[in-house]
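Step one of this worksheet: look at the structure below.
Keep in mind the model is a prediction, meaning the values are calculated, not measured. These numbers come from the heavy atoms of this one structure, side chains and all, not from hydrogens, waters or symmetry mates.
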Amino acid sequence: MKAQKVRLPYIDNAKAIGLTLAINLGVVFLFFRSGATFGTALVDSAICAVTTTIINLLIVYPRLKKLRAGGQLPAQVPVSRLMQKLPRNPFALGAVFALVFGALTVGINGLILWFFGMEEMAFVPWLTYKLLYATVLSVQIVAFCIFRYVQPDWAGEGTTETQVKNPLPKISVFKEMWGGVTMNIAMNIIIGSLLGGVVLVEYGEVLIFPTTVEGISITGLVFGLIVGVLTTNGVTRAMKGIILQYGAAAGGATSKWFSWLPKRKVWLSALICVCTMLFSAVALPTVMRLFGMTVMNFYQFSVFITIYATLVGKPISYVLTRRCLQPDYIEHILKKGGKENV
């Protein structure tokens with residue numbers, strides 16, 4: 001009998017996220033048909049954190065409990081003293097997570113809405129914003145729920161090789177975030193210099209013009225090119241190291257959704273760049289118009305483009321990773337012996 005591969009809901013968490021989005025969608029249609037103000041948005045953020053915690057725990061905990069009973073939890077996990085200090089009882093853990101994630105969600109949403117001057121949002125903008133942050137929130141809460149219950153004080157000794165990563169932020173994460181912000185600021189100045197948005201005036205002073213909704217499509221093309229090149233290069237280089245280390249064992253079954261993508265990095269990068277450029281040229285002005293932003297100052301645009309790059313980088317990285325795990329791509333890398341620009 002062929003052994004089944006056990007996958008924790010950390011990877012296969014579509015049910016929890018889908019149910020979260022469905023409930024939040026219903027809340028918006030029931031209570032926010034006229035839109036949201038700054039105050040009601042913050043109140044709803046707290047409620048969203050509580051309901052999302054409850055939904056995710058109701059889905060994740062019984063599944064992990066069943067896996068534990070069958071001895072199918074991971075054998076090796078990152079052990080965290082902090083996580084093991086949290087309650088093992090799902091009701092108590094839910095209360096802790098609701099308080100923590102509620103405070104973070106209210107704080108972050110309040111900061112974003114204040115920074116971009118969004119005192120009020122109509123129905124469609126609020127619906128879009130709500131579903132966006134609810135998705136991110138659900139993914140994070142699912143990850144933390146699972147990370148708590150794979151700790152040895154609850155899980156015991158596991159037997160599977162399923163990978164569970166540590167969702168707790170590290171110093172390197174903050175360094176990467178700071179590096180991403182500073183890089184975007186530098187690129188904004190460089191792009192602005194090329195497109196006329198940044199001008200060197202008398203006495204060496206630099207004049208930075210605000211970003212308008214009419215001109216952001218050009219910025220989207222340039223930014224899409226940069227994101228496409230950097231993301232493709234970073235992911236393929238990392239995956240090449242994994243393939244050379246584990247060989248054919250690094251891959252899985254062939255998927256028609258990803259195997260058609262080019263194997264050579266130059267053509268794969270070109271395809272990703274074109275798609276990202278076209279998407280960014282349309283998405284950036286659409287988002288600005290959706291949220292009623294006709295103009296952004298330099299600081300607003302720097303934060304805006306950093307958030308955008310973070311969000312759009314996730315699906316790009318996912319697609320590239322899946323492509324690199326296809327058997328034909330692994331064979332291609334192994335045949336070339338890990339040479340650059342394969």
**OP:** Indicate whether the side chain of Thr135 and that of Ser138 have a donor and an acceptor atom separated by less than 3.5 Å.
**Re:**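 Side chains of Thr135 and Ser138: no pair found under 3.5 Å.
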Original post:
Do we see a donor-acceptor contact under 3.5 Å between the side chains of Tyr329 and Ser259?
Top reply: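 No, because no side-chain N or O of Tyr329 sits under 3.5 Å from a partner of the opposite role on Ser259.
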Between [X] (side chain only) and [Y] (backbone N and O only), is there a donor and an acceptor less than 3.5 Å apart?
| X | Y | value |
| --- | --- | --- |
| Thr40 | Ala36 | no |
| Glu120 | Phe38 | no |
| Thr231 | Gly313 | no |
| Gln151 | Pro78 | yes |
| Gln326 | Ser255 | yes |
| Thr105 | Gly102 | no |

Within the 4.5 Å heavy-atom criterion, are [X] and [Y] side-chain neighbours or not?
| X | Y | answer |
| --- | --- | --- |
| Thr52 | Ile23 | no |
| Leu268 | Leu320 | yes |
| Leu58 | Leu19 | no |
| Val28 | Asp44 | no |
| Tyr308 | Ser280 | yes |
| Arg88 | Arg148 | yes |
| Asn109 | Tyr129 | yes |
| Ile305 | Leu284 | yes |

Original post:
For Glu331, does the CD atom sit with more than 12 other heavy atoms under 6.0 Å from it, leaving out its own atoms?
Top reply: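 Counting neighbours around CD of Glu331, 12 or fewer heavy atoms of other residues, nucleotides or ligands fall under 6.0 Å, so no.
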**OP:** Classify the ring geometry between Phe123 and Phe29 as parallel (under 30°), tilted (30 to 60°) or perpendicular (over 60°).
**Re:**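 Phe123 and Phe29: perpendicular rings.
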Original post:
Should the pair Phe116 and Phe304 be assigned to parallel (<30°), tilted (30 to 60°) or perpendicular (>60°) ring geometry?
Top reply: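 Rings of Phe116 and Phe304: perpendicular, over 60°.
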For the hydrophobic clusters of this structure (ILVMFWY residues joined by side-chain heavy atoms under 4.5 Å, transitively), does one cluster hold both [X] and [Y]?
| X | Y | value |
| --- | --- | --- |
| Tyr318 | Leu132 | yes |
| Phe144 | Leu99 | no |
| Leu93 | Phe91 | no |

Original post:
With the threshold set at 4.0 Å, does a side-chain nitrogen-carboxylate oxygen contact exist between Asp153 and Arg81?
Top reply: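 No.
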Original post:
Which is it for Thr51 and Val27 under the side-chain contact (heavy atoms from CB on, under 4.5 Å) test, yes or no, and what are the steps along the way?
Top reply: CA-CA 11 Å; Thr51 56; Val27 169; over 6 Å; no
**OP:** Go through the structure and list residues passing side-chain hydrogen bond (donor to acceptor under 3.5 Å, both in side chains) with Tyr61, not counting sequence neighbours.
**Re:**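 Partners of Tyr61 by the side-chain hydrogen bond (donor to acceptor under 3.5 Å, both in side chains) criterion come out as none, since no residue qualifies.
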**OP:** Apply side-chain contact (heavy atoms from CB on, under 4.5 Å) to the pair Trp114 and Leu111, showing each step before the final yes or no.
**Re:** CA-CA 5 Å; Trp114 166 79; Leu111 186 61; 4.0 Å; yes
Subject >> ILVMFWY cluster membership beyond Met277 - transitive side-chain contacts under 4.5 angstrom >> reply: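 Taking Ile, Leu, Val, Met, Phe, Trp and Tyr as members, Met277 shares its hydrophobic cluster with Leu221, Leu225, Val229.
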Original post:
Where do Val50 and Ala98 come nearest, in terms of heavy atoms and distance?
Top reply: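 For Val50 versus Ala98, the nearest heavy atoms are CG2-CB, 4.1 Å.
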Subject >> Shortest non-hydrogen contact from Ala134 toward Cys48 >> reply: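 Shortest heavy-atom contact: CB-SG, 4.1 Å.
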**OP:** With rounding to the nearest 0.5 Å, note down the distance linking CG in Leu104 to OG in Ser45.
**Re:**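 If we round to the nearest 0.5 Å, Leu104:CG and Ser45:OG are 11.5 Å apart.
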**OP:** Please test Asp328 against Arg323 for salt bridge (charged side-chain N to carboxylate O under 4.0 Å, His left out), starting from the C-alpha separation and ending with a verdict.
**Re:** CA-CA 9 Å; Asp328 65 323; Arg323 178 62 186 110; 2.9 Å; yes
Subject >> Cation-pi check, Arg68 onto Trp154 ring (under 6.0 Å, within 45° of axis) >> reply: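 Yes.
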Original post:
Only one of Ile54, Ile59, Thr53, Ile55 clears side chain to side chain contact (heavy atoms under 4.5 Å, CB included) with Leu57; which?
Top reply: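 Among Ile54, Ile59, Thr53, Ile55, the one meeting side chain to side chain contact (heavy atoms under 4.5 Å, CB included) with Leu57 is Thr53.
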Donor-acceptor contacts under 3.5 Å from residues 286-299 side chains, at least two apart:
residue: Thr286; atom: OG1; partner: Val282; partner atom: O; Å: 2.6
residue: Asn297; atom: OD1; partner: Tyr299; partner atom: N; Å: 3.1
residue: Asn297; atom: OD1; partner: Gln300; partner atom: N; Å: 2.7

